[in-house]
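Okay, structure first, notes after.
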Protein chains: 2
Amino acid sequence: MVFAGQGDPRRSLSLLWRADAPPTRGGPGPRPRLSVDAIVAAAVALADEEGMGALSMRAVGDRLGRTAMALYTYVPGKSELLDLMYDAVHAELPRREPDPDDWRGALTAWAGEVLEFYVRHPWVLQVSQARPVLGPHEYAGLDTLVTLLRATGLPAGAVRRLVGTLFPFVRGSAQAVADARLAAAATGSSDEEWWAARSAALLELVPDFAERFPAVSGLEAEGPVEPYPGNAPEGAEAVPYPEREARETFRVGLGVLLDGIEAARADRP
Amino acid sequence: MVFAGQGDPRRSLSLLWRADAPPTRGGPGPRPRLSVDAIVAAAVALADEEGMGALSMRAVGDRLGRTAMALYTYVPGKSELLDLMYDAVHAELPRREPDPDDWRGALTAWAGEVLEFYVRHPWVLQVSQARPVLGPHEYAGLDTLVTLLRATGLPAGAVRRLVGTLFPFVRGSAQAVADARLAAAATGSSDEEWWAARSAALLELVPDFAERFPAVSGLEAEGPVEPYPGNAPEGAEAVPYPEREARETFRVGLGVLLDGIEAARADRP
DNA sequence: TGCGACTCCTTACGGCGTAAAGTAACGTCC
DNA sequence: GGACGTTACTTTACGCCGTAAGGAGTCGCA
């Protein structure tokens with residue numbers, strides 16, 4: 001896990017909200033050939049392409065034809081750069097108008113789009129949530145979710161808690177999808193081959209697995225996936241099995257959450 | 001985020017399941033003065049006390065009065081050590097008998113205990129879930145959850161998805177609680193002081209905040225927390241505000257999830 | 001008594017983030 | 001127009017990290 005929001009809060013916030021002095025055209029000294037935005041864009045591209053592990057100040061500098069130290073003119077350090085990257089990609093979060101007649105559909109669509117966002121930028125999931133970043137784009141995304149939840153008619157306190165439930169849920173689901181993809185890519189065998197190898201080794205090393213973990217074994221033995229009651233599966237056949245499974249878990253979990261919200265509305269209509 | 005499960009799967013698994021040759025009393029060479037268990041225990045203690053950031057091979061070696069390289073006799077590398085640490089602490093996960101008459105109470109108690117487990121070992125939340133570790137203790141914990149969910153009477157497919165929903169939910173909630181504690185500890189001001197400073201800076205840098213994010217602002221303006229309908233708050237007054245808020249979000253979110261499960265049972269009784 | 005296996009140490013390499021100091025480009029003022 | 005101060009960027013260096021390579025010392029067994 002990578003940490004953000006570690007530096008001087010004042011400096012971080014003014015960078016995030018672009019509250020610095022305007023570019024000051026015509027000061028002394030050589031003309032700047034970089035900018036905060038260019039650095040953030042390069043860093044995001046690097047993280048998207050090669051993952052968080054490849055993100056180093058030297059690597060970002062290389063991408064811009066500069067040394068690592070050149071970045072420090074624009075950005076106080078790696079932690080603040082991470083803050084800026086984090087908030088920059090959150091500009092892709094959906095903005096969406098509430099629909100009091102179909103809050104459920106709106107929330108479902110919202111969750112799906114947020115899931116895709118995380119899958120597009122899986123490194124975002126590795127940014128620790130300890131100490132929130134509090135950038136403008138994350139707030140904008142938050143504002144949208146709050147708006148959609150307000151359309152359920154629930155009181156402010158409940159909405160606050162649901163925000164705290166829904167966002168982590170989508171993050172967790174996206175993590176599962178991203179992990180499934182990563183596992184598929186790592187082994188080359190894009191299907192359940194990785195699992196097969198792993199469970200073969202397990203079976204060999206732990207012959208009494210079924211006895212020790214009867215519930216888990218029973219679950220696995222109970223054959224292919226039975227659709228969750230009350231929901232119809234959406235057709236997506238080309239997606240490899242583990243990712244399909246993760247997406248189905250997301251769909252079902254979201255359904256359960258929305259059912260729970262519905263129940264709360266019924267309690268206090 | 002820190003990665004586990006990266007090394008040779010065979011080697012990792014046989015370490016995890018302790019499938020290695022027995023201690024071979026009386027082989028040649030000097031008597032080993034360390035053991036896998038001692039190393040794992042030292043590493044867990046280090047991570048518990050000083051966080052994942054302080055976990056280095058040299059630091060673990062220091063704790064044992066040995067050099068970093070001495071560890072490599074027992075453990076192939078840091079990644080495998082992380083696997084072992086991860087599974088070792090999961091021995092603390094609750095084991096619990098199912099109660100078909102009160103599956104809801106059982107799941108609530110289970111979730112609460114798991115939350116406390118994560119709060120006790122917050123570094124576990126930083127271990128990436130990509131590529132599962134598949135150790136015996138994690139399986140045991142999983143087995144318990146599956147057992148409890150089976151008591152709802154739902155079909156295997158649904159149970160599978162609920163496992164994938166509940167575990168990440170508890171993890172996310174624990175993350176929030178741990179973050180709240182971390183924020184409190186970092187500033188010394190154990191209360192909302194950190195938030196106050198942060199939001200004061202925000203207000204100064206972004207004077208038009210309320211206009212740009214009306215929904216979020218409205219939510220914050222709507223005064224203190226209103227209890228979620230249908231649930232009574234449990235009395236815990238000494239806990240500082242952010243953590244109390246995180247715990248309340250956990251309680252409410254869990255309630256929503258269980259309501260959703262109840263709805264699914266009603267669909268197919 | 002030596003051999004071979006084994007634990008543990010020292011040393012070293014290439015990576016990281018970044019502090020410190022040097023170099024060169026530029027706007028401004030005499 | 002030349003000196004000066006400011007600024008962008010580079011070079012070098014420090015102390016961390018994980019771990020490869022090789023050497024030192026310890027023990028069981030032939």
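Lettering of chains follows the sequences in order, A, B, ..., and the numbering in each one begins at 1.
One finds the CG atom of B:L205 at 10.5 Å from the CG atom of A:L15 (value rounded to the nearest 0.5 Å). To the nearest 0.5 Å, the span separating NE2 on B:H137 from OH on B:Y86 amounts to 13.0 Å.
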Quiz item: Reading nucleotides 11-19 of chain C 5' to 3', which nucleotides get B (base under 4.0 Å from a protein heavy atom), which S (sugar-phosphate only), which -?
Solution: -----BBBB
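Closest contact between the side chain of B:P30 and the listed nucleotides C:dT7, C:dG4, D:dC9 involves C:dT7. Residue A:R33 has its side chain nearest to D:dC9 when only D:dC27, D:dC9, C:dC8 are considered.
Between A:T73 and the phosphate of D:dC9, there is no side-chain N or O to OP1/OP2 separation shorter than 4.0 Å. For A:Y74, no side-chain nitrogen or oxygen approaches OP1 or OP2 of D:dA8 to under 4.0 Å.
Residues satisfying the salt bridge (Lys or Arg N to Asp or Glu O under 4.0 Å) test with A:R33, not counting sequence neighbours, are none. Residues forming a salt bridge (Lys or Arg N to Asp or Glu O under 4.0 Å) with A:E243 (at least two apart in sequence, or on another chain): A:R181, A:R247. For A:R18, the side chain to side chain donor-acceptor pair (under 3.5 Å) partners are A:D37, not counting sequence neighbours.
Rounding to whole angstrom units, CG of residue B:D62 and P of D:dC16 are separated by 11 Å. At whole-Å resolution of the value, CZ in B:R31 and P in D:dC29 are 11 Å apart. Distance, B:R66 CZ to D:dG25 C1': 14 Å, rounded to whole Å. Rounded to a whole Å, the CG atom of B:L64 is 15 Å from the C1' atom of C:dC9.
Note on B:A70: only backbone sugar-phosphate atoms sit closer than 4.0 angstrom, heavy atoms only; bases stay farther off.
A:R120 and A:E92 are joined by a salt bridge, as a carboxylate oxygen and a charged side-chain nitrogen come within less than 4.0 angstrom of each other.
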Listed pairs under 3.5 Å, donor-acceptor, residues 44-55 of chain B side chains, sequence neighbours left out:
{"residue": "B:D48", "atom": "OD1", "partner": "B:H121", "partner atom": "ND1", "Å": "2.7"}
{"residue": "B:D48", "atom": "OD1", "partner": "B:W123", "partner atom": "NE1", "Å": "2.7"}
{"residue": "B:D48", "atom": "OD2", "partner": "B:H121", "partner atom": "ND1", "Å": "3.1"}
{"residue": "B:E49", "atom": "OE1", "partner": "B:R63", "partner atom": "NH2", "Å": "2.5"}

Quiz item: Going through the checks in order, is the side-chain contact (heavy atoms from CB on, under 4.5 Å) test met by B:L81 and B:M85?
Solution: CA-CA 6 Å; B:L81 174 56; B:M85 295 169 60; 4.1 Å; yes
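Relative orientation of the A:W17 and A:Y139 rings is tilted, given thresholds of 30° and 60° on the angle between their planes.
From one end of the helix from C:dT1-D:dA30 to C:dC30-D:dG1 to the other, with five pairs defining each end axis, the axis direction shifts by 30° (rounded to 10°).
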